[in-house]
Amino acid sequence: MPLGAPTMTMNPTSPLGQTRLRAGPALLDNHTFDPTIDATYVNDMDAIADFLTETNRFQDRKDGLSYTNTEPLKTVDPALVEVEGQWKP
């Protein structure tokens, strides 16, 4: 989820679309990608799930690790997985 692309569409010719296009680089300017599945990842997933539940976008809140598969990341670098995901294909 935190790594996926946004699913909303925007009209770049509308004032709102222009604002979003300008905001994107500003928000990502100081972003450093870290693929580690650790306590920070879990806290971020919990915060997102809390927000989506509070704004009625989730009907049934689930633990982020319940749909996280860490096996592929472990094949790249086992040190990147500090907290095991619970989902297995």
Side-chain angles (χ1 to χ4, degrees):
M1 290 186 95
L3 305 178
T7 57
M8 68 179 206
T9 58
M10 75 174 98
N11 178 352
T13 60
S14 76
L16 181 58
Q18 289 295 318
T19 301
R20 287 183 180 153
L21 289 174
R22 286 191 306 273
L27 292 171
L28 295 175
D29 237 7
N30 65 352
H31 175 74
T32 302
F33 176 70
D34 180 1
T36 306
I37 308 293
D38 58 4
T40 300
Y41 172 88
V42 173
N43 291 339
D44 286 350
M45 293 290 283
D46 285 342
I48 292 167
D50 288 343
F51 170 77
L52 293 173
T53 301
E54 291 164 9
T55 56
N56 297 317
R57 292 181 174 100
F58 271 178
Q59 303 275 324
D60 181 26
R61 187 188 187 287
K62 295 189 179 3
D63 175 27
L65 290 175
S66 70
Y67 51 85
T68 300
N69 178 7
T70 51
E71 292 303 315
L73 190 57
K74 282 173 41 177
T75 63
V76 173
D77 184 352
L80 293 174
V81 179
E82 297 177 15
V83 180
E84 289 288 332
Q86 300 164 356
W87 184 77
K88 306 284 184 213

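Just so we're clear, the structure is a prediction, and the values are computed from it rather than from any experiment.
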Tell me every residue that passes side chain to side chain donor-acceptor pair (under 3.5 Å) with [X], counting only those two or more places apart in sequence or in another chain.
X: Thr36; value: Asp34
X: Thr75; value: none
X: Asn56; value: none

* What are the two closest heavy atoms between Thr70 and Val83, and how far apart are they? ->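 Looks like CG2-O, 3.8 Å.
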* Has the side chain of Thr68 got a donor or acceptor atom that lies under 3.5 Å from a matching backbone atom of Gly85? ->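 Flag not set: sc Thr68 to bb Gly85 has no pair under 3.5 Å.
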* Asked: Does anything in residues 66-86 pair up under salt bridge (charged side-chain N to carboxylate O under 4.0 Å, His left out), and if so which pairs, sequence neighbours excluded?
  -> Glu71-Lys74, Glu71-Lys88, Lys74-Glu84
* Asked: What pairs with Pro89 under side-chain contact (heavy atoms from CB on, under 4.5 Å), at least two apart in sequence or on another chain?
  ->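 In terms of side-chain contact (heavy atoms from CB on, under 4.5 Å), with neighbours along the sequence ignored, Pro89 is linked to Asn69, Trp87.
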* Who passes salt bridge (Lys or Arg N to Asp or Glu O under 4.0 Å) against Asp46, sequence neighbours left out? -> Arg61
* Pairwise distance CD1(Ile48) to OG1(Thr53) - rounded to 0.5 angstrom ->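 It is 11.5 Å, given to the nearest 0.5 Å.
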